[in-house]
Asker: 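My questions will all concern the structure given below.
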Amino acid sequence: MTSAAGGVRVGLSEGAVRRPAPALRPYVRSYQGYRLSGFDAGEHVGLPSDSITVILPFDRPLHVVRPAVADQAPGEFAALASGLGTAPVVMGHDGAEHGIQISFTPAGTRAVLGVPPAALGQWMVPLVDLLGPDAAEVTAECESASTWAHRFAVLDRVFTRRLAGDAGGVDPRLTAAWSMTTGPDGAAVAAVARAVGWSSRHLEKRFVAEFGVTPRDAGRLARFARSHALVRRADPPRLADVAARCGFYDQAHLAREWRALAGSAPSVWRRDEKFAFVQDESLGVESGSRS
């Protein structure tokens with residue numbers, strides 16, 4: 001249901017967020033279902049993240065106005081995956097969005113999707129190219145299901161079936177380097193290189209080959225994702241507090257990184273982004289769906 005107040009349409013949003021089944025948690029961070037309707041038509045900005053993203057749109061394809069990769073043409077996209085990078089994606093909408101967003105870890109990209117994150121880059125890759133027939137099973141069953149719990153159970157079933165026992169054979173030194181680089185302390189490249197026994201140059205080469213971003217940018221993405229989680233809340237903390245809690249030098253550093261990664265300062269993004277909660281884990285969780 002929608003209403004108008006002073007000429008502004010007030011939309012309806014509902015959804016659910018759940019962690020995956022225990023066996024999947026090293027590989028999948030969250031399932032986020034969303035249904036939004038009755039908003040004014042406009043644009044939604046998909047922000048960079050330290051997660052690899054799969055989107056299952058229902059009812060209609062995604063309308064991408066500006067892809068993150070300059071060489072990829074805008075257009076309509078069905079179920080897709082996209083990897084790591086530092087550019088936002090701009091999507092047009094008619095006031096409604098309905099679907100599921102799935103956040104994968106780098107290990108999950110190999111174990112479930114079958115490729116390293118670097119193979120995706122920030123290209124929007126059709127899910128069928130990665131999952132084969134499993135893509136049709138996931139999209140058809142999720143779209144026809146009547147509850148979020150049922151949809152999330154479909155994802156658990158298919159993704160568990162696809163798990164590779166060794167997560168694709170990633171060098172444990174790369175796994176350690178990712179954890180140190182993207183952790184709350186944001187270890188410097190030289191310190192990470194010493195810890196894993198490589199030169200900084202060799203670390204950077206191996207890191208980019210696996211993850212598709214440099215160690216420095218991986219740290220930036222993780223810090224930005226933490227700040228995004230706070231800024232998008234219904235009652236966000238002051239930006240100075242966000243900066244301090246997320247590892248920025250100060251509020252000015254936070255604002256510069258937001259302009260670089262999101263295209264606008266956090267206050268401007270919050271003012272203009274009507275679908276902020278599409279990626280918001282504070283969405284209501286369907287009863288019994290969180291484990």
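The chain is numbered in sequence order, starting from 1. Note that the structure is a prediction, hence the values are computed from the model and not measured.
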Asker: Report, one line per pair, each donor and acceptor closer than 3.5 Å where one atom sits in a side chain of residues 191-200; sequence neighbours left out.
Answerer:
{"unit_1": "S199", "atom_1": "OG", "unit_2": "H202", "atom_2": "N", "d": "3.0"}

Asker: At what distance, to the nearest 0.5 angstrom, does CG of L36 lie from CD of E97?
Answerer: 7.0 Å
Asker: Give a yes or no answer on whether the side chain of D250 reaches the backbone of A252 with a donor-acceptor pair at less than 3.5 Å.
Answerer: yes
Asker: Would you call the rings of Y31 and F159 parallel, tilted or perpendicular, taking 30° and 60° as the class edges?
Answerer: tilted
Asker: May I ask whether V69 and I52 are part of the same hydrophobic cluster, defined by side-chain heavy atoms of I, L, V, M, F, W, Y residues being less than 4.5 angstrom apart, directly or through others?
Answerer: yes
Asker: Under the rule for side-chain contact (heavy atoms from CB on, under 4.5 Å), what residues qualify as partners of A244, not counting sequence neighbours?
Answerer: none
Asker: On a heavy-atom basis, which atom in L130 and which in A81 lie closest, and how many Å separate them?
Answerer: CD1-CB, 3.6 Å
Asker: Kindly write out the residues that satisfy side chain to side chain donor-acceptor pair (under 3.5 Å) with T181, not counting sequence neighbours, or none if the list is empty.
Answerer: none
Asker: Within the structure provided, determine whether T105 and W178 are in side-chain contact (heavy-atom separation under 4.5 Å).
Answerer: no
Asker: List the atom of V242, the atom of S227, and the distance in Å for their closest heavy-atom pair.
Answerer: CG1-CB, 3.7 Å
Asker: If you draw a 6.0 Å radius around CZ in R66, do more than 12 non-hydrogen atoms from other residues or ligands fall strictly inside?
Answerer: no
Asker: Which atom pair, heavy atoms only, marks the closest approach of A265 to R259?
Answerer: N-CG, 3.7 Å
Asker: Let's go through V170 and T175 carefully: what are the C-alpha distance in whole Å and the side-chain angles of both, what is the deciding distance for side-chain contact (heavy atoms from CB on, under 4.5 Å) to 0.1 Å, and is it a yes or a no?
Answerer: CA-CA 7 Å; V170 181; T175 302; 3.7 Å; yes
Asker: What's the verdict on side-chain contact (heavy atoms from CB on, under 4.5 Å) for Y34 and I100, showing C-alpha distance, side-chain angles and the deciding distance?
Answerer: CA-CA 6 Å; Y34 55 89; I100 296 176; 5.6 Å; no
Asker: Stepwise, does the side-chain contact (heavy atoms from CB on, under 4.5 Å) test hold for D156 with L24?
Answerer: CA-CA 8 Å; D156 277 347; L24 287 166; 3.6 Å; yes
Asker: Pairs under 3.5 angstrom only: tabulate donor-acceptor contacts from the side chains of residues 112-125 to other protein residues two or more places apart or in another chain.
Answerer:
{"unit_1": "Q122", "atom_1": "OE1", "unit_2": "T86", "atom_2": "N", "d": "3.2"}
{"unit_1": "Q122", "atom_1": "OE1", "unit_2": "A87", "atom_2": "N", "d": "3.1"}
{"unit_1": "Q122", "atom_1": "NE2", "unit_2": "A87", "atom_2": "O", "d": "2.9"}

Asker: Return the CZ to CZ distance between F248 and F224, rounded to the nearest 0.5 Å.
Answerer: 8.0 Å
Asker: Can you name the ring-ring contact (aromatic ring centres under 6.0 Å, His included) partners of F77, sequence neighbours left out?
Answerer: none
Asker: Determine whether Q101 and V54 satisfy the following criterion, side-chain contact (heavy atoms from CB on, under 4.5 Å), listing intermediate values before the conclusion.
Answerer: CA-CA 6 Å; Q101 178 172 296; V54 166; over 6 Å; no
Asker: Kindly state each residue pair satisfying salt bridge (charged side-chain N to carboxylate O under 4.0 Å, His left out) with at least one member in residues 44-61, sequence neighbours excluded.
Answerer: R29-D50, R60-D94
Asker: How far does OG of S49 sit from CZ of R226, to the nearest 0.5 angstrom?
Answerer: 11.0 Å
Asker: Which is it for H44 and E273 under the side-chain hydrogen bond (donor to acceptor under 3.5 Å, both in side chains) test, yes or no, and what are the steps along the way?
Answerer: CA-CA 6 Å; H44 162 62; E273 178 57 71; 3.0 Å; yes
Asker: Taking salt bridge (Lys or Arg N to Asp or Glu O under 4.0 Å) as the test, write out the residues that go with R223, two or more places apart.
Answerer: E257
Asker: Measure the spacing between CZ of R238 and CZ of R245 and express it to the nearest 0.5 Å.
Answerer: 11.5 Å
Asker: What's the spacing between R173 CZ and L203 CG if we round to 0.5 Å?
Answerer: 11.0 Å
Asker: Rounded to the nearest 0.5 Å, what separation is found between the CD atom of Q32 and the OG atom of S103?
Answerer: 5.0 Å
Asker: Has the side chain of R25 got a donor or acceptor atom that lies under 3.5 Å from a matching backbone atom of P20?
Answerer: yes
Asker: Which residues pass the side-chain contact (heavy atoms from CB on, under 4.5 Å) test with P74, not counting sequence neighbours?
Answerer: P67
Asker: Which Ile, Leu, Val, Met, Phe, Trp or Tyr residues join V65 in one cluster when any pair of side-chain heavy atoms under 4.5 Å counts as a link?
Answerer: V90
Asker: Consider only side-chain heavy atoms of I, L, V, M, F, W and Y, link residues closer than 4.5 Å, and tell whether V128 and F104 are in one cluster.
Answerer: no
Asker: Extract all donor-acceptor atom pairs below 3.5 Å that involve side chains of residues 204-215 and protein atoms in other chains or at least two apart in sequence.
Answerer:
{"unit_1": "R206", "atom_1": "NH2", "unit_2": "D171", "atom_2": "OD2", "d": "3.3"}
{"unit_1": "E210", "atom_1": "OE1", "unit_2": "R110", "atom_2": "NE", "d": "3.4"}
{"unit_1": "E210", "atom_1": "OE1", "unit_2": "R110", "atom_2": "NH2", "d": "2.8"}
{"unit_1": "E210", "atom_1": "OE2", "unit_2": "R110", "atom_2": "NE", "d": "2.8"}
{"unit_1": "T214", "atom_1": "OG1", "unit_2": "D217", "atom_2": "N", "d": "3.0"}

Asker: Considering non-hydrogen atoms only, spot the tightest contact between T139 and A79 and give its length.
Answerer: CG2-CB, 3.6 Å
Asker: Closest approach of P237 and L230, non-hydrogen atoms and distance?
Answerer: CD-O, 3.8 Å
Asker: What's the shortest heavy-atom distance between R151 and C142, and which atoms?
Answerer: NE-O, 2.7 Å
Asker: Determine whether W258 and L47 make a side-chain contact, defined as any pair of heavy atoms from C-beta on separated by less than 4.5 Å.
Answerer: yes
Asker: State, yes or no, whether a side-chain contact exists between L56 and L155 at a heavy-atom distance under 4.5 Å.
Answerer: yes
Asker: Residues in side-chain contact (heavy atoms from CB on, under 4.5 Å) with E137, at least two apart?
Answerer: D134, E141, R157, V158, R161
Asker: State which residues pass side chain to side chain donor-acceptor pair (under 3.5 Å) with Q72; sequence neighbours excluded, sorted by chain then number.
Answerer: none
